[in-house]
Amino acid sequence: MGTTYVNVTIRNPAEPHRSWTGKFMVDTGAFDSLVPRECLETIGLKPRGSRDYFLADGNSITLEATVAEIEFEGVIVGGTIAYGPEGTEPLLGVTALESGGFEIDPRNERLKRLPGVMMKRKHARREAA
């Protein structure tokens with residue numbers, strides 16, 4: 001079983017004609033997606049804050065983050081994207097993956113569409129008698 005990659009387009013929601021497309025490694029251990037800073041700046045995205053992240057080696061790092069449209073496999077979702085250093089390999093995080101209704105098929109190294117996206121059903125209100 002290997003690594004799964006997918007082509008992803010990051011789009012500036014304020015200016016949808018501005019986008020960047022790249023090959024992303026799907027990382028179910030990452031909550032948010034990660035894109036090199038220069039790619040996000042090219043399409044006019046600006047940091048909206050910062051977040052603390054824990055790395056696989058146990059260290060922590062603080063990265064600036066923004067919100068953008070994330071398009072892959074014909075689906076568009078909104079998501080948080082961390083600003084990676086120059087040359088960083090783009091990562092598609094589990095939040096975008098699950099929001100789009102996908103899971104990884106590790107044996108075939110591809111994404112598999114789920115039959116639906118999970119949502120908790122509200123309890124029906126009782127009607128007044």
Side-chain angles (χ1 to χ4, degrees):
M1 291 185 236
T3 305
T4 302
Y5 288 89
V6 64
N7 290 323
V8 177
T9 298
I10 304 299
R11 191 169 288 111
N12 183 333
E15 300 178 76
H17 64 280
R18 297 182 74 179
S19 65
W20 175 80
T21 301
K23 187 175 182 180
F24 283 57
M25 182 177 82
V26 180
D27 186 353
T28 59
F31 193 73
D32 295 332
S33 296
L34 177 78
V35 174
R37 174 178 294 280
E38 65 270 17
C39 300
L40 297 174
E41 290 175 347
T42 297
I43 63 172
L45 289 171
K46 300 197 181 316
R48 307 271 309 259
S50 61
R51 295 182 86 166
D52 295 326
Y53 293 95
F54 293 103
L55 304 175
D57 65 7
N59 290 317
S60 64
I61 187 171
T62 300
L63 297 172
E64 290 182 311
T66 193
V67 177
E69 290 182 1
I70 304 169
E71 182 176 357
F72 60 99
E73 301 291 317
V75 173
I76 299 172
V77 299
T80 301
I81 300 175
Y83 283 73
E86 184 176 339
T88 298
E89 179 176 37
L91 302 176
L92 181 66
V94 71
T95 304
L97 188 69
E98 290 180 353
S99 291
F102 290 92
E103 66 182 1
I104 291 183
D105 175 357
R107 186 169 305 252
N108 295 308
E109 299 178 10
R110 63 181 183 86
L111 297 184
K112 178 181 168 187
R113 185 176 286 270
L114 296 169
V117 177
M118 297 296 291
M119 181 175 285
K120 183 177 178 178
R121 181 182 160 160
K122 282 182 124 180
H123 295 288
R125 292 184 180 201
R126 287 189 172 178
E127 295 292 323

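Note that these values count all heavy atoms, side chains included, but never hydrogens, waters or copies made by symmetry.
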Can you name the nearest heavy-atom pair linking [X] to [Y], along with the distance?
| X | Y | result |
| --- | --- | --- |
| T66 | K46 | OG1-O, 2.9 Å |
| F72 | L97 | CZ-CA, 4.0 Å |
| S33 | A96 | OG-CB, 4.2 Å |

Ignoring hydrogens and angles, tell me if any N or O in the side chain of [X] forms a donor-acceptor pair with the backbone of [Y] under 3.5 Å.
| X | Y | result |
| --- | --- | --- |
| N12 | I43 | yes |
| R37 | A82 | no |
| T95 | F31 | yes |

Between [X] and [Y], is any pair of side-chain heavy atoms under 4.5 Å apart?
| X | Y | answer |
| --- | --- | --- |
| T9 | S19 | yes |
| I10 | E69 | no |
| W20 | P90 | yes |
| L92 | D27 | no |
| I61 | F54 | no |
| Y83 | L45 | yes |
| F24 | V35 | yes |

I'd like to know if [Y] and [X] are part of one continuous hydrophobic network [Ile/Leu/Val/Met/Phe/Trp/Tyr, side-chain heavy atoms within less than 4.5 Å].
| X | Y | value |
| --- | --- | --- |
| V6 | V75 | yes |
| V94 | L34 | no |
| V26 | V8 | yes |

For the atom pair CG (L111) and CD (E73), what is the distance rounded to the nearest 0.5 Å?
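The distance works out to 5.0 Å.
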Rounded to the nearest 0.5 Å, how far does CZ of R107 lie from OG1 of T4?
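One gets 12.5 Å once the value is rounded to the nearest 0.5 Å.
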Closer than 4.0 angstrom, basic N to acidic O: yes or no for R11 and E71?
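The answer is yes: the pair qualifies as a salt bridge.
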N-O pairing of E89 and K23 below 4.0 Å:
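Answer for the salt bridge query: no.
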Check the surroundings of atom CZ in R48: do more than 12 heavy atoms from other residues, nucleotides or ligands lie under 6.0 Å from it?
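Result for CZ/R48: open.
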Pick out which of K112, R110, R113 makes a salt bridge (charged side-chain N to carboxylate O under 4.0 Å, His left out) with D105.
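The salt bridge (charged side-chain N to carboxylate O under 4.0 Å, His left out) with D105 is passed solely by R110 among K112, R110, R113.
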With Y53 as reference, evaluate D32, T62, N59 under the side chain to side chain donor-acceptor pair (under 3.5 Å) test and give the passing residue.
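Output: one option passes, namely D32.
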Under the criterion side chain to side chain contact (heavy atoms under 4.5 Å, CB included), which of I76, I81, T80 is the partner of I70?
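It is I81; the other options fail the test.
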